[in-house]
Amino acid sequence: MDFVRERVAADRASGVDGGRVITRFPPEPNGYLHIGHAKSICLNFGIAQEFGGQCHLRFDDTNPTKEETEYVESIQEDVRWLGFAWSGEVRYASQYFEQLFEYAKQLVRKNLAFVCDQTGEEMRRTRGSLTGPGSPSPFRERSAKVNLDLLERMRQGEFPEGARTLRAKIDMGSPNMNMRDPVMYRILHSAHHRTGASWCIYPTYDWAHGLSDAIEGITHSICTLEFENHRPLYEWFLKAIDRLPHQDRAPPRQIEFARLNLTYTVLSKRKLLELVQEKHVAGWDDPRMPTLSGLRRRGFTPAAIRRFCEQIGVAKFNSTVDRVLLENALRDDLNRSAPRAMAVLRPLKVVIENYPQDQVESLVAQNNPEDPAAGSRQIPFGREVWVERDDYKDEAPKDWFRLAPGKEVRLRYAYYVTCQRAVRDPATGEITHLVCTYDPATRGGDSPDGRKVKGTLHWVACASAVSAHVRLYDHLFGESHPESAAGDGDYKAFLNPNSLESITAAQLEPSLAEAQPGSRWQFERLGYFIADVVDSRPGRPVFGRIVTLKDSWAKLEKKLPGGGRQPAKT
RNA sequence: UACCCGGUGGUGUAAUGGUAACACUAGUGGUUUUGGUCCACUCAUUCCAGGUUCGAGUCCUGGCCGGGUAACCA
């Protein structure tokens, strides 16, 4: 059990919240959710589920200049897709604006807040530094009466943007910058995506967040590490206000955990927005993006993402999780659920010279060896078949189980074939096709004499093959830690130029032609693929690779003298 | 030259004063009609130095290293 859950368990046991557990997931609607948010969602909703509590979805919409309805919608869709249901209606910090304003007036009356006329520049100058104290605002000692009047006029729109703020009166000498008379309200003559033009002053995060928690009766307010220094302020506000709702219970407690970092990508809204705006990717849902919408289009399953979040745990150590963990969670899920099919990405023709010229037969293939209930299907076989270009070599290296002159392999579910020779175009030297012979006694893929063959190849009969577009994705960044590799430079310098490879004429077995958009398949020996939700149509499929299968030959090959080629990644 | 928070195999997390565990990676071997899956085995003197204790990854002290913090962002 992680430290957050331990804390929740202890609080529940002690009865401070009357046995209640209420958490919240509080995104700002200024961007799309990514895998890092999934960690927070799984934590907050997971804890609520495990402890018989509730989790609220609350938009932290206190900055109208950055927030949009588009994001409000995508966020809800992503949370639902992940498999979670929030308690009650969707909530918004903005629905508490009136209440917050009343509390602000209360603080003014108690002389705990004041209207400050300093400019942003002046405030910055007088805030002091990390090592030295700040100095009080000259407006700090205004009377409650004046402050109340000014605050009301701020709200009425009498003053231009930036002219005044409402500040908490705490301690300009505090070693914690957040306690140096932080701003509670600023004037922003901007329309808000929910409250429209009814407000021209907006609460800051610190002022709005803890109070929203208190109003909703949140017991545990779980957030990321960078808010650790804000906790004293969070507690100060809650303590300063009289007559908060739910006063029979303990106030909400803020608990901080380390945000997720993942190798070969970036996970900050700002940077992801930049990638979208500068068109390094096709959009928020580009299958290479770590956004939930990107992962969804890529073919990740909600179960795999939830499993991943379980596996990485929750702690306060700043860490970077290896992307293979995410991929493995997915392989695990898809291995059990994805039906198998055969597809050849880079086709090389094989002519079986002793196979009857116009014969076509139908062979039985299992749909999923991991799941007998998935049944079987018929696949056509003929004299000419496509095999993978990479499955043939003129000279077989050590431990090569695939095709080479004189080598016998099995065509999966079909026959043993032996490679006789490669035929080349005399002009270019390119291999045009392979000539093989087959053993009719091995129909289905077993030899009656018990002779073993180590290699099994996937294949597609030429006569009935379906040609299709397939997209292969690789890491968005070529560097495992693009941000630290960039240092002060541009992380975008490490974008992987080969993160998308388009294959225009892959050859698929006929059953794949009618694949439903969004359906996931394992192409045998290659990886998991999804019929693209946007571009694929039954009869004219377009597939994207979700993730490769593990490839122990690629590993072996790298250790061979000569090193081998750079294998395709995920 | 301030305050807050951290430091356990390659990676990420456990161990709540009592045999350093689990997952992934890597390596080795086995099974296999996917070089997939599956199975077995191997891989750490817990940042350093003192101290407390019968006993310290855990408690104390001092270092070292890393992260966060000076928006009218969240």
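For the numbers below, each heavy atom of this structure counts, side chains included, while hydrogens, waters and symmetry mates do not. The chains referred to below are lettered A, B, ... by the order of the sequence lines, with proteins before strands, and numbering in each begins at 1.
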(request) Starting from C1' on A74(B), measure out to CZ on Arg259(A) and report it in whole angstrom. (result) 10 Å
(request) Test for a donor-acceptor pair under 3.5 Å between the base of U34(B) and the side chain of Arg340(A), counting only N and O atoms. (result) yes
(message) Categorize Pro369(A) for me: base, sugar-phosphate, or nothing, with a 4.0 angstrom heavy-atom threshold over every strand shown.
(response) base
(message) Categorize Arg127(A) for me: base, sugar-phosphate, or nothing, with a 4.0 angstrom heavy-atom threshold over every strand shown.
(response) sugar-phosphate
(message) Tell me if the centroids of the rings in His230(A) and Tyr234(A) come within less than 6.0 Å of each other.
(response) no
(message) Whole angstroms only, please: what is the CE-P distance between Met179(A) and A70(B)?
(response) 15 Å
(message) Can a side-chain donor-acceptor contact be found between Asp449(A) and Ser447(A) if the only test is distance below 3.5 angstrom?
(response) yes
(message) Any donor-acceptor pair, under 3.5 Å, between the side chain of Glu370(A) and the base of G36(B), if you only look at N and O atoms?
(response) yes
(message) Does Tyr202(A) reach a base, just sugar-phosphate, or nothing at all? Heavy atoms under 4.0 Å.
(response) nothing
(message) Once you apply a heavy-atom cut-off of 4.0 Å, does Trp207(A) come out as touching a base, just sugar-phosphate, or nothing?
(response) nothing
(message) Nearest to the Val324(A) side chain among U25(B), G68(B), C72(B), which nucleotide is it?
(response) U25(B)
(message) What is the distance, to the nearest angstrom, from the CE atom on Met177(A) to the P atom on C72(B)?
(response) 11 Å
(message) When the P atoms of G6(B) and U13(B) are compared, how many Å lie between them, rounded to an integer?
(response) 14 Å
(request) Just call it for Leu130(A): base, sugar-phosphate, or nothing, with non-hydrogen atoms closer than 4.0 Å on any strand. (result) base
(message) Classify Leu411(A) by what it touches in the nucleic acid, base, sugar-phosphate, or nothing, heavy-atom distance under 4.0 Å.
(response) nothing
(message) What I want to check is whether the side chains of Ser376(A) and Asn367(A) have a donor and an acceptor closer together than 3.5 Å.
(response) no
(message) Rounding to an integer number of angstrom, what distance separates C3(B) and U58(B) when you compare their C1' atoms?
(response) 26 Å
(request) Assess whether side chain to side chain contact (heavy atoms under 4.5 Å, CB included) is satisfied between Val364(A) and Tyr413(A), documenting all intermediate values. (result) CA-CA 7 Å; Val364(A) 183; Tyr413(A) 300 125; over 6 Å; no
(request) For Val314(A), report the nucleic acid contact type (base, sugar-phosphate, nothing); a contact means any heavy atom under 4.0 Å. (result) sugar-phosphate
(request) Would you say whether Phe317(A) stacks on G7(B)? The test is a distance between ring centres of less than 5.5 Å and an angle between planes of less than 30°. (result) no
(request) Would you mind checking if Asp332(A) and Arg336(A) are paired as a salt bridge, meaning a charged N to carboxylate O distance below 4.0 Å? (result) yes
(message) Taking only the P atom of each, what is the distance from C64(B) to C48(B) in whole angstrom?
(response) 15 Å
(request) Please state how far atom CZ in Phe227(A) lies from atom P in G68(B), giving the value in whole angstrom units. (result) 14 Å
(request) Specify the glycosidic conformation (syn or anti) of A71(B), with syn defined as within 90° of 0. (result) syn
(request) For Asp2(A), answer base if it contacts any base atom (sugar-phosphate contacts may also be present), sugar-phosphate if it contacts only those atoms, and nothing otherwise; contact means non-hydrogen atoms under 4.0 Å. (result) sugar-phosphate
(message) With a 4.0 Å cutoff (strictly under), does any side-chain N or O of Thr320(A) reach OP1 or OP2 of G12(B)?
(response) no
